[in-house]
Amino acid sequence: MIKKILTILLLAAMPVVALFSCKKVSINNTDLTRNFFPLKFGKYVTYNVDSVYYNGSLGVTLEVKSQMKYSVTDTFTDAKRRPSYIMDVYSRPYDGADWHAINVILVTPTSNSILYSQDQVQYVKMMFPISEGLSWPGNQNANINNPALTYLKGWNYMYQDYNLSYFDGFENFQNTVSILEDNEHVNYQNIDSALAGYDTYAKEVYAYNIGMIYKEWTHTTWIDSSQNKSGYSVIMRAIDNN
C-alpha cells in the first residue's frame, strides 16, 4: 500500500537528448532557463524521502523513511510524434540496500513547457522562459472528475525565489527556482473542531543543471469532530546527483 501511494505522489523528472525521425517540435535552445530541467540521457537524482500516512478511521499515523532515485533511461515518440523521455523511478528502504523499480515517468518538452505523465495523469510541470511570479494552471490536463484526483482542481503554479540559493537540509544549492503549486486550508484542525476540512500544500524546488532538489506534497482531510486526519505528507530532499 505504501509503495502504491508513493508512486502516485512523487514526481519529478530529468530527461535525455536523442535523434528522432518524426515531426520536430520548435524549441528555443537559447533559453538557458530550460537548464533548470536538464534533458540528458543517464541523468539521475537521489533523494531521502520522509513520508507520513494518516488513517483517520483508525486514528493511526505511520512514518516511513526511504530513498528514491529518478533516472533518465530511454527515449520514445509520443502520440503527437513529439520527442519524449522515459524516467525510471527506483526505491529502497535505506542507503546501501538494493534499488527496486517502482514506477515510470514520461516527460515531453514542448515549445514553452515541460509535460510529464505519471500514473495516467499529465502535469504541466514547468513553463519557459522562467521568470519571477509567472503562473499557470499546472493540473489543467488532470481528470478531476476522478474522485481520487478532485483535489487537484484549480491549482495555480507560480515561480518564486528565482535565482536564489536553497538549502534542502543536506546541501546548499546555488541558482534555484521554487514552484509553489498549491497552498489551501479549509477550516483548521483542532480549531474549527466541529467542522470538516482539508489541508493541501505542494511545492518543488529546482537547481540549475541539476533538476528537482526538493519536493513537499501534503494532502490531509478530516470529516468529523474526532479530528482524525486521513491522507499523507511526503518530503523529498536531494542527496546525490550526476
Please say yes or no: joined through hydrophobic side-chain contacts below 4.5 Å, possibly via intermediate residues, are [X] and [Y] part of one cluster?
X    : Y    : result
I130 : L180 : no
V205 : W136 : yes
Y208 : L39  : yes
I102 : I105 : yes
Y54  : Y232 : no

Original post:
Does K229 pair with D199 as a salt bridge, N-O distance under 4.0 Å?
Top reply: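 Not counted as a salt bridge, because no side-chain N and carboxylate O are separated by less than 4.0 Å.
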
Original post:
Should E204 and K215 count as an ion pair when the cut-off is N to O under 4.0 Å?
Top reply: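 Salt bridge between E204 and K215, a charged N being under 4.0 Å from a carboxylate O: yes.
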
Kindly say whether [Y] contributes a backbone atom to a donor-acceptor pair with the side chain of [X] at under 3.5 angstrom?
X    : Y    : result
N163 : N175 : no
N242 : G42  : yes
R237 : Y214 : no
Q160 : I179 : no
S51  : V234 : no

Subject >> Cation-pi, Y116 ring and K125 (6.0 angstrom, 45 degrees) >> reply: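 No, cation not above the ring by the 6.0 Å, 45° rule.
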
Subject >> side chain to side chain contact (heavy atoms under 4.5 Å, CB included) between V124 and L115, worked out >> reply: CA-CA 5 Å; V124 183; L115 307 178; 3.8 Å; yes

Subject >> Point-to-point distance, once rounded to the nearest 0.5 Å, from OG of S91 to OH of Y47 >> reply: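 Reported value, rounded in 0.5 Å steps: 13.5 Å.
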
**OP:** Check side-chain contact (heavy atoms from CB on, under 4.5 Å) between N139 and all other residues, then give those that pass, not counting sequence neighbours.
**Re:** Y123, A142, L152, W155, Y157

Original post:
If you look at every heavy atom in S113 and T110, which pair is closest and at what distance?
Top reply: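 Residues S113 and T110, closest heavy atoms: OG-OG1, 2.6 Å.
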
Subject >> For Y90, all residues meeting side-chain hydrogen bond (donor to acceptor under 3.5 Å, both in side chains), sequence neighbours excluded >> reply: none

Subject >> Partners passing side-chain hydrogen bond (donor to acceptor under 3.5 Å, both in side chains) against Y166 (at least two apart in sequence or in another chain) >> reply: none

Original post:
Distance only, no hydrogens: is a donor on one side chain within 3.5 Å (strictly under) of an acceptor on the other, for N55 and S57?
Top reply: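 Yes, because at least one side-chain N or O of N55 sits under 3.5 Å from a partner of the opposite role on S57.
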
